[in-house]
Amino acid sequence: MGEVIVITSGKGGVGKTTTSANVGTGLAALGKKVVMIDTDIGLRNLDVVMGLENRIVYNLVDVIEGNCRVKQALIKDKRYHSLYLMPSAQTRDKSAVKPEQMVKLTNHLKEQFDYVILDCPAGIEQGFQNAIAGADRAIVVTTPEVSAIRDADRIIGLLEANEFKQIDLILNRLRLDMIKKGDMMSIDDVVDILSIPLLGAIPDDENVVIATNQGEPLVGNQTFAGRAFRNVCLRLLGENIPIIAFEQETSIWSKVTGIFHRN
Amino acid sequence: MWKLFKKKNSSHVAKDRLKILLISDRMNCSPEMMEKIKTDIISVLSNYMKIDTQSMEIEITKTDSKGRNALFPSLYANIPIIDLKK
């Protein structure tokens, strides 16, 4: 029996879809059978981030409404044979799906897959309720900004009210230079405020934009963000990997801060 | 270098603002409600003693405990008494 993980954030634009694509791809790269479901009906994006937009025939709403079999709506990834994507419908709205139907679908999929990754829409309305309905655990994505953290806190409260046992945090778009100057909240600051376990810290990396342009997830490559996402996947599989967001930069920066400390 | 110490780090400002904000967010407590609580406290206490309503302060703070579920807010009130006998 597989595990259903919902990736959510409350606020839009903090990196839910990027995280979904990279966590899904990363787990598949580590040999797991993975299906990613884009639950953002009307505003689908996971397909373009994955570079699979030209292969869509059927979608999530077609499956829910019984227009096709589940298997027909699963797009096989071009890189990993154990990775599948179920795209969302672009021409429908959130009311096309009910939470009970999502539970039924995820229960069906987790019999065949090791991981079901749900890319949640922004907001706390029906789309969010649909996405969390069938999930076993949640990953909350946030950035070190007041607005994103406030929304993340609200989402965590809602997940707790829905009796989620495991809620983990991914802190995205960290800029070490700004943290060092005191102009960005640090990893510790954010974890202290939100008080949930940290699953990963992802640096603000221009390679994310480049990867999205090309429709290629960057997990597993040697970019900072690619390595950070790979570490997230390894932690999901139970490996104990310390959180170091900027492995190579640490030594240079500790020298710089050393100068400041002496003054 | 000197400028750095003059101004409070913006990350500290953000953290402090969030801490206050999230306490009221988590318990659905608006500033209007706090004002109502304040006037109610004044009216009850005024039956028994004379209090300094100008300098009294009430606020909701976080009690120092670890973990999200162990974290609970408490109402802090500082009410100076002018005269115990009314």
Side-chain angles (χ1 to χ4, degrees), chain A residues 10-11 124 138 140 142-169 171 173-199 204 256-263, chain B residues 1-42 44 53-79:
Chain A
K11 189 177 178 294
I124 52 172
V140 175
T142 193
T143 61
E145 286 157 60
V146 179
S147 50
I149 293 170
R150 184 191 199 181
D151 289 2
D153 189 79
R154 181 111 167 79
I155 286 292
I156 294 165
L158 290 170
L159 291 169
E160 281 174 344
N162 280 276
E163 276 156 21
F164 269 72
K165 295 277 177 291
Q166 199 170 3
I167 308 166
D168 295 287
L169 182 70
L171 188 48
R173 254 180 243 148
L174 284 162
R175 282 185 55 184
L176 196 69
D177 54 336
M178 291 189 72
I179 293 172
K180 290 293 171 193
K181 270 193 269 172
D183 280 330
M184 182 178 273
M185 278 179 277
S186 68
I187 298 173
D188 290 342
D189 287 339
V190 180
V191 172
D192 182 36
I193 289 168
L194 293 175
S195 306
I196 58 168
L198 183 67
L199 187 64
D204 187 26
V256 176
T257 47
I259 298 165
F260 281 100
H261 282 305
R262 244 177 281 150
N263 287 350
Chain B
M1 201 69 204
W2 193 230
K3 271 185 190 161
L4 274 175
F5 295 106
K6 262 188 178 169
K7 217 167 73 183
K8 204 177 173 190
N9 281 337
S10 70
S11 71
H12 284 132
V13 177
K15 199 181 175 187
D16 291 345
R17 285 177 62 212
L18 265 169
K19 275 186 168 171
I20 307 278
L21 183 65
L22 293 186
I23 290 164
S24 50
D25 270 10
R26 281 173 192 170
M27 61 176 302
N28 271 327
C29 176
S30 61
E32 295 85 57
M33 196 178 108
M34 287 300 291
E35 209 42 55
K36 269 181 154 176
I37 293 173
K38 194 174 169 180
T39 40
D40 284 358
I41 288 176
I42 292 171
V44 171
T53 52
Q54 288 303 309
S55 58
M56 81 172 270
E57 49 183 10
I58 63 162
E59 60 177 2
I60 291 167
T61 53
K62 192 176 74 177
T63 29
D64 226 6
S65 52
K66 277 182 186 148
R68 196 181 166 85
N69 292 321
L71 179 145
F72 56 94
S74 62
L75 185 74
Y76 166 87
N78 185 7
I79 310 166

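All heavy atoms count here, side chains included; hydrogens, waters and symmetry mates do not. Computed from a predicted model, the values in this text were never measured in an experiment. Residue numbers start from 1 in every chain, and the chains themselves are labelled A, B, ... in the order their sequence lines are given, proteins ahead of strands.
Results of the side-chain contact (heavy atoms from CB on, under 4.5 Å) test with L18(B) over D153(A), V190(A), V146(A) single out V146(A) as the only residue that passes.
Contact check on D25(B) versus R154(A) returns no salt bridge, with no Lys/Arg side-chain nitrogen under 4.0 Å from an Asp/Glu carboxylate oxygen.
A 4.5 Å side-chain heavy-atom check between K15(B) and I149(A) finds every atom pair outside the cut-off.
For the atom pair D16(B) CG and I193(A) CD1, the distance stands at 8.5 Å (nearest 0.5 Å). Distance check, rounded to the nearest 0.5 Å: NZ of K181(A) to OG of S11(B) gives 12.0 Å.
Contacts between M185(A) and chain B at a heavy-atom distance below 4.5 Å involve backbone atoms as well as side-chain atoms.
Chain B forms the most heavy-atom pairs under 4.5 Å with one residue out of G182(A), S186(A), P144(A), and that residue is G182(A).
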